[in-house]
Amino acid sequence: PFASIASGSVVEEGTKVTLGSETAGAEIYYTTDGSAPTRSSIRYTQPITVNKNMTLKVIAVKDGYLDSNVATFTYTLAQKKIYTITFDENGTGGTGTMAAQVVEQGSNGVLNANQYTRDSYTFNGWNTRADGSGTAYTDRAGISALISGTETAITLYAQWEQIPKVSVPTASLATGSVVEEGTKVTLSCTEAGAEIYYTLDGSVPTKDSRMYSTPITINGDITLKAVAYKEGYQESEVATFTYRLKEKTVYTITFEGNG
């Protein structure tokens, strides 16, 4: 009998070896434990999978013929590669740490979950290049494709998408204006659906401040500060508007006796 892979070969786990005989109609029997095969051994019907170091012994038999000599084929599994996957934050100002992930060739596991965070950024997966031009992998992606190459030291770079910032609120009256008492000022923001919060005492506004809903009446000198919020956006910068009331004209009325 003959085998499709030469005896003494070093093969990957899962390699399949095919047996055959030059005698048409011959049946093949084999063992994988090094013992001598007989007609009571395993009958060959399909390729044999090599999942360990193996000594394959084979005979071919056919009625009316003497049994063949025993053919011996030895196969050694290739040593599995060990891959080290390093996770790079790929930016500054972030928090979190991640240890390298060490995996064996053929593993069907997944990448360790991302532990990095950056203010004002959303994590957008991994890439084999820092600039995102390499191969992309999602968080906890399967690693079988990643560890199929010859390079065993792999670095994955976190990819970040900056969260957009809401536009700074604007006012219908220019800051520094001198206005009549009772004048109304309107606030607005470019992004539809944004909420505006404001203060009139010069303090920094937050979501705990008054929410803008109607024009603000100016009844005295004020420092109006406003900030805008919208879901999925960073809060806007604080806008500051100062307004002063016009000085009222003082009239003096003189009464004369006229006589």
**Message:** Assess whether a salt bridge exists between Glu237 and Lys165, defined as any Lys/Arg side-chain N lying under 4.0 Å from an Asp/Glu carboxylate O.
**Reply:** yes
Enter the distance from [X]:[atom1] to [Y]:[atom2] here, rounded to the nearest 0.5 Å.
| X | Y | atom1 | atom2 | value |
| --- | --- | --- | --- | --- |
| Asp139 | Asn124 | CG | CG | 10.5 Å |
| Thr76 | Asn53 | OG1 | CG | 5.0 Å |
| Glu104 | Ile147 | CD | CD1 | 8.5 Å |
| Leu173 | Thr186 | CG | OG1 | 7.5 Å |
| Glu195 | Met211 | CD | CE | 5.0 Å |
| Tyr75 | Leu56 | OH | CG | 6.0 Å |

**Item:** Neighbour count above 12 (heavy atom, 6.0 Å) for Gln162 CD
**Value:** yes
**Message:** Per the side chain to side chain donor-acceptor pair (under 3.5 Å) rule, what does the pair list look like for residues 220-235, sequence neighbours excluded?
**Reply:** Ser120-Gln234
**Message:** Can you pull out every side chain to side chain donor-acceptor pair (under 3.5 Å) where at least one residue sits in residues 203-216? Sequence neighbours excluded, please.
**Reply:** Asp201-Ser203
**Request:** Using the test ring pair (Phe, Tyr, Trp, His ring centres under 6.0 Å), find all partners of Tyr198 that sit at least two apart in sequence or belong to another chain.
**Result:** none
**Request:** Name all residues meeting the ring pair (Phe, Tyr, Trp, His ring centres under 6.0 Å) criterion together with Phe87; count only those two or more places apart in sequence or in a different chain, and write none if there are none.
**Result:** Trp126
Any donor and acceptor pair, going by atom type alone, linking the side chain of [X] with main-chain N or O of [Y] inside 3.5 Å?
| X | Y | value |
| --- | --- | --- |
| Thr155 | Thr86 | no |
| Lys62 | Ala24 | yes |
| Tyr44 | Leu19 | yes |

Are [Y] and [X] co-members of a hydrophobic cluster defined by side-chain heavy atoms under 4.5 Å apart?
| X | Y | result |
| --- | --- | --- |
| Val17 | Phe73 | yes |
| Val110 | Val103 | no |
| Ile28 | Ile42 | yes |
| Ile222 | Tyr197 | no |
| Val179 | Leu200 | yes |

Can you give me the closest heavy-atom contact between [X] and [Y], atom names plus distance?
| X | Y | result |
| --- | --- | --- |
| Glu89 | Trp160 | O-NE1, 2.8 Å |
| Ser236 | Ser167 | CB-O, 3.4 Å |
| Asn69 | Ile59 | O-CG2, 4.2 Å |
| Ser172 | Lys184 | OG-O, 4.3 Å |
| Ile154 | Tyr83 | CD1-CD2, 3.9 Å |
| Phe123 | Asn114 | CG-ND2, 3.4 Å |

**Prompt:** Can you list the steps and then say if Ser133 with Asp131 is a side-chain hydrogen bond (donor to acceptor under 3.5 Å, both in side chains)?
**Reply:** CA-CA 6 Å; Ser133 63; Asp131 63 2; 2.6 Å; yes
Student check: side-chain heavy atoms of [X] and [Y] closer than 4.5 Å:
| X | Y | value |
| --- | --- | --- |
| Arg39 | Asp67 | yes |
| Val50 | Ile5 | no |
| Tyr243 | Thr183 | no |
| Leu156 | Thr128 | yes |
| Val58 | Pro37 | no |

**Request:** Show your working on side-chain contact (heavy atoms from CB on, under 4.5 Å) between Gln105 and Glu13 and close with a plain yes or no.
**Result:** CA-CA 10 Å; Gln105 182 181 12; Glu13 183 176 356; over 6 Å; no
Please give the remaining members of the hydrophobic cluster of [X], linking ILVMFWY side chains under 4.5 Å, ordered by chain and number.
| X | answer |
| --- | --- |
| Val102 | Ile82 |
| Tyr65 | none |
| Phe255 | Ile253 |

Just to verify, what does [X] make a side chain to side chain donor-acceptor pair (under 3.5 Å) with, not counting sequence neighbours?
| X | answer |
| --- | --- |
| Ser40 | none |
| Ser35 | Asp33 |
| Tyr137 | none |
| Gln46 | none |

**Step-by-step side-chain hydrogen bond (donor to acceptor under 3.5 Å, both in side chains) determination, Gln159 to Tyr157** = CA-CA 6 Å; Gln159 300 297 297; Tyr157 298 89; over 6 Å; no
**Message:** We want to know whether Thr95 and Thr117 form a side-chain donor-acceptor pair, criterion being a heavy-atom distance below 3.5 angstrom.
**Reply:** yes
**Prompt:** Where do Gln79 and Val10 land on the side-chain contact (heavy atoms from CB on, under 4.5 Å) test, with the steps shown first?
**Reply:** CA-CA 9 Å; Gln79 186 174 357; Val10 177; over 6 Å; no
**Prompt:** So Tyr30 and Ile48, side-chain contact (heavy atoms from CB on, under 4.5 Å) or not? Walk me through it.
**Reply:** CA-CA 10 Å; Tyr30 68 94; Ile48 300 163; 3.6 Å; yes
**Prompt:** Who are the side chain to side chain contact (heavy atoms under 4.5 Å, CB included) partners of Thr55, not counting sequence neighbours?
**Reply:** Lys57, Thr72, Thr74
